[in-house]
There are 2 protein chains.
Amino acid sequence: MGFMDNLKQVLEIEDCSLQHKGLILLSQRYMGGDMSEEKKPGSERPARQRRKMQSITMMDVAEYAKVSPSTVSLYLRRPEAVSAGAGSAIAHAIDKLNYVPNLVAGGLAAASSRAVSIIVPSVRNAFFAETVAAMQTALRKERLQVILGHTEYDEREEEDLVRTALSWAPAAIVLTGLSHSETTRRMLSKVKVPVIEIWELGGPQIDAAIGFHHDQVGAAAARHLIQQGRRHLAYLGARMHEDRRARLRCDGFVAAASEAGVEVNVVQHPAPSSAEAGAMLLSETMQDFPQTDGIACSNDHVALGVLFECERLKIAVPDRLATIGFGDLSFSAACNPPLSTIRPSGDLIGKEAARLIVEHMAGKEPDSQTTIDTRFTLLHRRSS
Amino acid sequence: MGFMDNLKQVLEIEDCSLQHKGLILLSQRYMGGDMSEEKKPGSERPARQRRKMQSITMMDVAEYAKVSPSTVSLYLRRPEAVSAGAGSAIAHAIDKLNYVPNLVAGGLAAASSRAVSIIVPSVRNAFFAETVAAMQTALRKERLQVILGHTEYDEREEEDLVRTALSWAPAAIVLTGLSHSETTRRMLSKVKVPVIEIWELGGPQIDAAIGFHHDQVGAAAARHLIQQGRRHLAYLGARMHEDRRARLRCDGFVAAASEAGVEVNVVQHPAPSSAEAGAMLLSETMQDFPQTDGIACSNDHVALGVLFECERLKIAVPDRLATIGFGDLSFSAACNPPLSTIRPSGDLIGKEAARLIVEHMAGKEPDSQTTIDTRFTLLHRRSS
DNA sequence: GAGCCGCATCATAGCGCTACGATTTCTGAA
DNA sequence: TTCAGAAATCGTAGCGCTATGATGCGGCTC
């Protein structure tokens, strides 16, 4: 029962469901048609071998329910458009035959598949995982599938992912961020697929954008620390050369601090965000800028590392050093001290994206430049 | 430029790519065929409106490269099967026309789409996120897409996800764990799609299984703590009523401890794993079983909470209480003290799964009951 | 009773591609 | 040179479904 056999051996539908004995499968009647008589009138038909077959097709359902295939199709897409009698006959047939529609065939016929392509830097990142999960949950209710792709923060990779995404004729494409290659933009503009950009606001967008302003996050962190009486700030960032959004937060932080006339330094590390990176950055910071009394981190992983390192270095948090992170990750509230942080609503982004897609499919004309600001919340806990 | 318009207005291909001016699109020649003359000999053709169209089709490429569509198709699937001359002509045409193959059409014709359906409890869970990410990366190289589904630890949901997964005719289906509903099993057995079960070993499997034995993880943790001289053990578990694998680890832990004649208690909480749950569980444990001197946690989130709570309660780790987690999450090495833990190889699971799928597609007959044990590693750090 | 409208249903013509089998072209041995 | 066998290429018939336009069928109004 190899997979390739699939393509070779299947000749006949037989007995795929337990319940439909005695049913003559309509498919055969339709398929063995006689409308090619004029092509070579006289040559016996070569009886080309059937290539494959899904067990139960819509035609079988139609046969069973004594309606035409079109009606079954119609029922499946808009149940309210068929009469109650036909409807229940079809429903009964589907149930009885255990019919599973072939979405691939449907997608081809309809010029659009019931799939949504989501392209994120990485699902390993808790932020995007949350959004993807929320979207998946919301889209499932509309019987839409999620096709996932990872760019690993590489624009070239994104371009390639968009290309393959398009070859699925998805109902929508979701991209992360507003920054894409020229080719990516061109491909997307050439095509009638709605594009939703998530997790970033404040730049030129393709269609709709859902997210928040990262510079505002940075600014909020700076204002918060200043409000706590801190005058020597530092921003600790990991992987900022790749993570555009972390950089934007950093920029917002620096801008707001400078504007308030407060000292501000940026300490960064090219490694991915992690507690280890945070610990390293903290010790570097205290060495280079010993007067630092307020720290914002590119995210909570980094902030956790800061907390641990402070403990090791006997730096009192928040007394000697206030710390604020970003993300409100699962551990943040349970830290010692509980970590002040800024919570973006990753799940809201996902939900809103799903909503937009569904509305779009329902024909609602979106303003094409829809922008949804999901905001963020500063959680003042005991680390600041 | 709404999405629905797509289905109504597109009548003509025009100027979709900048470079192919002067090209007569072959599609039209083929499509406006004259082979239906005998149907109603005399009735003028009603010129039914074309429904949709992807800009550049394989026929256009064939025309441009002066070969037949079949050859283009062949080239795309097995480049080595066409001559060098034809190959480069086709490659040139594809490049020039900016052709993107329609995978939906291909999937329908081939009876199997280039998609792999991955069904996990949740991508929010770092373990599964890692596996999904690794698989995605590996499958991309073979131009396979990942279709994602979340069960949220619900068998009923899984059943439904499998049903829709099947309607995509995927190249393979990846499920998490070995425990599935009867209907799920029946659906899968009826179909020629390879099934790979991941993250669990040691039960009846459908096709291939890749993972490790969770009871061995628990046993390893118990043995480790006993080896460290601990005689009063406890297992702290979150969400064990839903997470079968956490339960298996717990069982293994208890069994190994009992066998060694060591006291062992299980303290659990229905909430999802989190540092907060861990903190709660720790304080509960120390209250109910104050003599406890060795703790294993259902995962590192819980262990982190234990660490934090110990700090608050001034319980010395590891002197008074040894702690070991599971997962080796991003923060585990940077904790204070660094957390002993057991590392499963989530990425290896993903890579191996991808390898199996690819081999299967290449026609390699897998033994259908392939089992790959990816093992785990006990990392003895300073918390134990 | 004719004409008309609206609803439910249907027949049809593909969607773009692949796999089969057939045909053509290219080898190299006889 | 001939011809079998291999290699390259091609023509064709769908894959299972959906959108379109057409048809049939009451129930209305005039």
Side-chain angles (χ1 to χ4, degrees), chain A residues 4 7-8 10 26-27 30-33 35-36 39-40 45-62 66-78 80-87 99-113 167 169, chain B residues 4 7-8 10 27 30-33 35-36 39-40 45-62 66-78 80-87 90 99-113 167 169:
Chain A
M4 297 306 277
L7 312 175
K8 291 170 188 158
V10 187
L26 192 65
S27 330
Y30 269 67
M31 287 186 314
M35 68 325 195
S36 61
K39 202 84 222 196
K40 279 183 181 176
R45 212 152 323 114
R48 184 199 288 271
Q49 180 158 323
R50 269 304 154 343
R51 196 168 325 130
K52 78 91 179 253
M53 204 166 292
Q54 110 180 136
S55 42
I56 302 287
T57 73
M58 189 177 274
M59 279 179 180
D60 301 318
V61 175
K66 304 215 191 312
V67 295
S68 80
S70 327
T71 309
V72 177
S73 173
L74 188 61
Y75 171 77
L76 251 28
R77 279 166 301 112
R78 293 193 286 119
E80 77 283 0
V82 308
S83 66
Y99 169 66
V100 177
N102 184 327
L103 291 179
V104 179
L108 180 59
S112 157
S113 65
S167 64
Chain B
M4 296 307 276
L7 311 176
K8 290 172 190 157
V10 187
S27 327
Y30 269 65
M31 286 186 316
M35 65 334 191
S36 61
K39 205 79 221 198
K40 279 184 181 177
R45 212 152 323 116
R48 183 201 288 273
Q49 181 160 324
R50 269 303 151 346
R51 192 168 331 127
K52 79 88 179 258
M53 204 166 296
Q54 115 181 129
S55 42
I56 303 287
T57 74
M58 189 177 276
M59 279 180 181
D60 301 316
V61 174
K66 303 212 191 314
V67 294
S68 78
S70 327
T71 308
V72 177
S73 171
L74 189 60
Y75 170 78
L76 252 27
R77 279 168 302 114
R78 294 193 286 119
E80 77 284 358
V82 308
S83 66
I90 293 170
Y99 169 65
V100 177
N102 184 327
L103 290 179
V104 179
L108 179 60
S112 158
S113 65
S167 65

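Here is how names work: the chains are called A, B, and so on, in the same order as the sequence lines, proteins then strands, and each is numbered from 1. From a predicted model like this one, the values you see are computed outputs, not experimental measurements.
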Exercise. Is there side-chain contact between B:Val100 and B:Ile56, with at least one heavy-atom pair below 4.5 Å?
Worked result: no
For this session: Kindly give the heavy-atom pair with the smallest separation between A:Gly107 and B:Val104, and that separation in Å.
Result: C-CG1, 3.8 Å
Exercise. With sequence neighbours excluded, what pairs up with A:Thr71 under the side-chain hydrogen bond (donor to acceptor under 3.5 Å, both in side chains) test?
Worked result: A:Ser68
Exercise. Given atom CD1 of B:Ile90 and atom P of C:dC17, what is their separation to the nearest angstrom?
Worked result: 13 Å
Problem set entry | base_contact_polar (D:dG11 base, B:Ser70 side chain, donor-acceptor, <3.5 Å) | yes
For this session: Would you mind reading off the bend of the helix from C:dG1-D:dC30 to C:dA30-D:dT1 from its two end axes, five pairs each, to 10 degrees?
Result: 40°
Problem set entry | Atom of A:Ala62, atom of A:Pro69 and distance for their closest heavy-atom approach | CB-N, 3.5 Å
Problem set entry | Minimum-distance nucleotide (side-chain atoms of B:Ala110 versus C:dC10, C:dC15, C:dA19) | C:dA19
Exercise. Are B:Ile90 and B:Val67 close enough, and set up right, to give a side-chain contact (heavy atoms from CB on, under 4.5 Å), and what steps lead you there?
Worked result: CA-CA 8 Å; B:Ile90 293 170; B:Val67 294; 4.0 Å; yes
For this session: Please identify each residue that fulfils side-chain contact (heavy atoms from CB on, under 4.5 Å) with A:Leu103, with sequence neighbours left out.
Result: A:Arg114, B:Ser167, B:Trp168
Exercise. Mapping B:Ala105 and B:Ser83 onto DNA chain D by nearest heavy atom, which one lands closer to the 5' end?
Worked result: B:Ser83
For this session: Taking only the side-chain nitrogens and oxygens of B:Arg77, find out if one of them lies under 4.0 Å from OP1 or OP2 of C:dC17.
Result: no
For this session: Would you mind classifying the nucleic acid contact of A:Tyr99 as base, sugar-phosphate or nothing, using non-hydrogen atoms under 4.0 angstrom?
Result: sugar-phosphate
Exercise. Could you state the CG-P distance from A:Asn102 to D:dT18, rounded to the nearest angstrom?
Worked result: 9 Å
For this session: Verify the contact: side-chain N or O of A:Thr71 to OP1 or OP2 of C:dT9, cut-off strictly under 4.0 Å; return yes or no.
Result: no
For this session: Select base, sugar-phosphate, or nothing to describe what A:Leu74 touches, counting heavy atoms under 4.0 Å on all strands.
Result: base
Exercise. To the nearest Å, how far apart are A:Asp60 CG and D:dC15 P?
Worked result: 12 Å
Problem set entry | Whole angstrom value for the distance that separates P of C:dC10 from CE of A:Met59 | 13 Å
For this session: Looking only at side-chain atoms of A:Ala109, point me to the closest of D:dC17, C:dT9, C:dC17.
Result: D:dC17
Seminar exercise, completed: Side-chain contact check for A:Ser68: nearest option of D:dT9, C:dA11, D:dC17 is C:dA11
Exercise. Rounded to whole angstroms, how far apart are CG on A:Leu103 and C1' on C:dC15?
Worked result: 15 Å
Exercise. Which pair of non-hydrogen atoms, one from A:Leu108 and one from B:Ala105, has the smallest distance, and what is that distance?
Worked result: CD1-CB, 3.6 Å
Exercise. Roughly, in whole Å, what's the span from CZ in A:Arg78 to P in D:dA19?
Worked result: 9 Å
Problem set entry | Euclidean distance, atom CG of residue A:Leu76 to atom P of D:dA19 [Å, nearest integer] | 12 Å
Seminar exercise, completed: Out of C:dC17, D:dT18, D:dC17, minimum distance to the side chain of A:Ser73 belongs to D:dT18
For this session: Measure the distance from CE on A:Met58 to P on D:dG14 and round it to the nearest whole Å.
Result: 20 Å
Exercise. Are A:Met58 and A:Leu76 close enough that some pair of their side-chain heavy atoms sits under 4.5 Å apart?
Worked result: yes
For this session: Report the nucleotide, chosen from C:dT9, D:dG16, D:dT18, that has the shortest atom-to-atom distance to any side-chain atom of B:Leu108.
Result: D:dG16
